[in-house]
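See below for the structure under consideration.
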Amino acid sequence: MAALTLSVLPIIPSQTCKKPIENSLILKSESLSNSFIGTKLSIQSSNFSILAAKRRSSTVATVLYSLPTGKQERNASEGKPKWSARAIKSFAMAELEARKFKYPNTGTEALLMGILVEGTSLAAKFLRENGITLFKVREETLKLLGKSDMYFFSPEHPPLTEPAQRALDWALDEKLKSAGESGEVTTAHLLLGIWSETEAAGHKILAALGFDDEKAKELAKSMDKDIVLSFKRSEG
């Protein structure tokens, strides 16, 4: 039997569309298995979705390694350390937590919750091992800051409070002191940055849940190991 080729294309009135439809489907007989006629049919989608996916991935790659900084000289610096993927995700989760509480800003308490929501970092595990869980932090946040107006809607990206911005800058500065521009700024740096803001909500919540300077020193010893540990796990 002769090979069969079947094409399914939308019917377009003449002179109404000069450009081809990007999402048209081409059906080819060479790929459709059929026990009666022994032919094959394949469905080919356009390259439009592939191009869109590439654009999205390139956008993610652009923003993946940076977080807001309050120091203008750093904005122009190309040699500053990169934030780890876990720290970036923790920051994104912090913004979501601030929106859940309907707070107008992302504070140090939200940064703390973000670390615990992400949950896979050395800092998050250290907190849980010391009895500091997301549920407890949320409870303490409500006790300390209360609830926002039920009719208030947070912005999509609640701006950082001054203490939260200083916590980010502290984490970056500490990384520069310890290892220069090499390596990454981890969630452990971020957690210690939150602890450094002694008058902020994040510090007060940590202290209420049993975190202290001794635990901060213990965490500081391993704050550069977050990425190394992840590689060790994959090898095992």
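Please read these numbers as outputs of a predicted model, since none were measured by experiment. Only heavy atoms go into these numbers, but all of them, side chains included; no hydrogens, no water, no symmetry mates.
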Next item on the list: Please name the pair of heavy atoms, one in Ala207 and one in Trp195, separated by the smallest distance, quoted to 0.1 Å.
Entry: N-CZ3, 3.9 Å
Next item on the list: Any chance you could lay out the side-chain contact (heavy atoms from CB on, under 4.5 Å) test for Met113 and Met93, step after step, and finish with the verdict?
Entry: CA-CA 8 Å; Met113 287 186 278; Met93 294 300 101; over 6 Å; no
Notebook entry, point to check: Between Ser90 and Thr187, which heavy-atom pair has the shortest distance, and what is it?
Noted result: OG-CG2, 3.5 Å
Notebook entry, point to check: Do side-chain atoms of Arg138 reach the backbone of Glu97 as a donor and acceptor pair under 3.5 angstrom?
Noted result: no
Check: Roughly how far apart are Ile115 CD1 and Thr120 OG1, rounded to 0.5 Å?
Finding: 11.5 Å
Notebook entry, point to check: If you take all heavy atoms of Ala164 and Thr106, which pair is closest and at what distance?
Noted result: CB-O, 3.4 Å
Checklist line | Shortest non-hydrogen separation from Ala201 to Thr108 and the atoms involved | finding: N-OG1, 3.5 Å
Checklist line | Inter-residue atom distance Leu144.CG - Thr141.OG1, 0.5 Å rounding | finding: 7.5 Å
Check: Hey, does Leu172 have a side-chain heavy atom less than 4.5 Å from the side chain of Trp83?
Finding: yes
Margin query: Run Thr186 and His189 through side-chain contact (heavy atoms from CB on, under 4.5 Å) and show every step you take.
Written below: CA-CA 5 Å; Thr186 68; His189 291 95; 3.0 Å; yes
Margin query: So, taking the atom named CD in Glu162 and the one named CD in Glu197, what distance separates them when rounded to the nearest 0.5 Å?
Written below: 9.5 Å
Notebook entry, point to check: Can Glu140 and Lys143 be counted as an ion pair, charged N to O under 4.0 angstrom?
Noted result: yes
Notebook entry, point to check: Ion pair present between Lys215 and Glu218, side-chain N to carboxylate O less than 4.0 angstrom?
Noted result: no
Notebook entry, point to check: Is there a side-chain contact between Val117 and Leu134, using heavy atoms and a 4.5 Å cut-off?
Noted result: yes
Note to self: So does Ile132 get a backbone contact from the side chain of Asn130, meaning a donor-acceptor N/O pair under 3.5 Å?
What the structure shows: no
Check: Say you draw a straight line from CG of Leu190 to NZ of Lys175; how long is it, rounded to the nearest 0.5 Å?
Finding: 14.0 Å
Check: How about Glu139: does its CD atom have over 12 heavy atoms from other parts shown lying under 6.0 Å from it?
Finding: yes
Next item on the list: Indicate yes or no: at least one non-hydrogen side-chain atom of Leu191 is less than 4.5 angstrom from one of Leu206.
Entry: yes
Checklist line | Contact check, side chains of Leu168 and Phe91, non-hydrogen atoms, under 4.5 Å | finding: yes
Notebook entry, point to check: Can you tell if the side chain of Thr161 reaches within under 4.5 Å of the side chain of Tyr103, non-hydrogen atoms only?
Noted result: no
Notebook entry, point to check: How many angstroms lie between CD1 in Ile88 and CD in Glu184, if you round to the nearest 0.5 Å?
Noted result: 9.5 Å
Checklist line | Shortest non-hydrogen separation from Pro158 to Arg99 and the atoms involved | finding: CG-CG, 3.7 Å
Next item on the list: Using only heavy-atom distances, determine whether the side chains of Glu95 and His157 contain a donor-acceptor pair under 3.5 Å.
Entry: yes
Item checked: Minimal non-hydrogen separation, Leu160 against Asn105, with atom names -> O-ND2, 4.2 Å
